[in-house]
Trainee: 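Take this structure, written in structure tokens, and hold onto it; I'll ask about it next.
Note that ligands are numbered from 1 as they come in the structure, with each ligand's atoms numbered from 1 the same way. All values below were derived from every heavy atom in this structure, side-chain atoms included, with hydrogens, water molecules and symmetry-related copies excluded.
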Amino acid sequence: MSVLVYISTPNGHISKSAIEAVYYGSQIGEVTALANGNVSKDDLANLGKYGAKNVLLHASETEDPSQLSKMIQKAATSASADTIILSYDLIGKAIAPRVSAGMKAGYVPGATTLPDANGLIKTNVFSGKAKGLVKVNTPKRIIGLTPNSIPLVEGNDVATVTDFSEEIGNSSITIKEIKKQEGDILLTEADLVVSAGRGLKGPENWGMVEDLAKTLGAATACSRPVADIGWRPHHEHVGQTGIAIRPNLYIAAGISGAIQHLAGVNQSKTIVVINTDPEAPFFKAADYGVIGDAFEVLPALNEAIKNF
Ligand code: FAD
């Protein structure tokens with residue numbers, strides 16, 4: 001079976017979720033990966049470690065989902081791929097339905113497992129509150145892989161990288177402004193996340209969140225009202241209307257745990273909640289709860305970890 005995996009390369013860096021998609025694909029068949037933009041060929045060749053045999057590199061730096069969808073369809077045809085895999089992240093969610101419609105191929109959004117012997121794939125549905133079992137009956141299928149669903153195993157192979165120069169047409173959208181995410185650690189890729197909400201009272205108090213994140217090597221996140229009122233940038237907003245994340249550790253301070261917030265974080269492997277209110281709904285979703293004042297607990301936690 002031939003598999004095409006689309007590799008997202010934000011800022012020329014191959015995302016962890018894209019590497020997971022390559023490894024996942026290699027468990028299904030022979031993987032051709034497709035990347036675009038300004039990314040190092042050596043880094044692409046390293047995808048061989050995760051099971052890619054070939055990598056196609058398109059010079060276009062477009063971020064237009066319609067053009068990317070065309071690029072993927074042409075690459076899938078060139079690789080005779082019957083399974084196309086994308087990461088189920090913001091970019092993948094915008095491209096995959098277009099590829100699905102263009103190729104008349106069934107789409108499995110939010111996959112968390114490999115297809116079983118009957119072709120059934122487990123998926124997250126209702127923001128991870130329920131599981132689906134999906135089987136595609138069309139000759140070709142598109143799979144959107146939920147980030148952080150599968151453990152990676154590294155080999156020693158090197159992939160062959162070739163240029164791919166198929167015509168993808170003009171962009172139908174005008175990008176007026178691109179705001180690059182600040183900080184060293186991308187929230188969508190972070191293993192550890194320190195997040196805070198309105199309980200922190202104001203933007204001037206975020207220093208203690210950033211300090212703890214720095215000590216842990218974590219990304220920072222926030223609840224929606226915090227982004228809405230401008231205390232934090234919107235790219236940090238997690239939840240139903242923000243980014244959905246799946247880190248190994250999510251520390252939430254001064255966040256009530258409303259259902260819309262939980263929708264974006266309840267797939268985290270371990271959740272630690274710090275809240276003054278013992279009745280805060282977040283405690284029901286927490287693995288560890290601290291009933292306490294974030295203004296005392298966050299600095300104390302930071303000191304304790306530093307001295308560990
Ligand atoms: P609050 O609800 O004000 O909670 C603050 C918490 O801090 C309280 O639990 C309080 O006990 C605690 N606290 C206060 N002081 C301290 C202290 N010193 N130390 C420790 N704890 C303290 N929200 C999201 O986050 N993401 C979304 O994507 C999202 N999407 C939404 C979509 C829709 C359609 C709607 C209607 C709402 C959405 N919301 C979303 C908003 C959501 O319903 C909640 O209003 C929001 O999550 C609450 O944010 P918060 O917990 O920071 O603030």
Trainee: Inspect the surroundings of CD in Glu204 and state if more than 12 heavy atoms from other residues, nucleotides or ligands are less than 6.0 Å away.
Mentor: yes

Trainee: Could you please provide the protein residues found below 4.0 Å of ligand 1 on a heavy-atom basis, arranged by chain and number?
Mentor: Gly197, Arg198, Gly199, Lys201, Ser223, Arg224, Pro225, His237, Val238, Gly239, Gln240, Thr241, Gly242, Gly254, Ile255, Ser256, Ala258, Gln260, His261, Ile274, Asn275, Thr276, Asp277, Gly292, Asp293, Ala294, Phe295

Trainee: Taking atom CD1 of Ile229 as the centre, report whether more than 12 heavy atoms of other residues, nucleotides or ligands fall under 6.0 Å from it.
Mentor: yes

Trainee: In sequence, state the C-alpha distance, the side-chain angles, and the governing distance for Thr77 and Gln73, and then conclude on side-chain hydrogen bond (donor to acceptor under 3.5 Å, both in side chains).
Mentor: CA-CA 6 Å; Thr77 305; Gln73 291 177 57; over 6 Å; no

Trainee: side-chain contact (heavy atoms from CB on, under 4.5 Å) for Thr62 and Ile168? Distances and angles first, verdict last.
Mentor: CA-CA 10 Å; Thr62 183; Ile168 53 166; 4.0 Å; yes

Trainee: Assess whether a salt bridge exists between Lys214 and Glu210, defined as any Lys/Arg side-chain N lying under 4.0 Å from an Asp/Glu carboxylate O.
Mentor: no

Trainee: More than 12 foreign heavy atoms under 6.0 Å from NZ of Lys131: is that the case here?
Mentor: yes

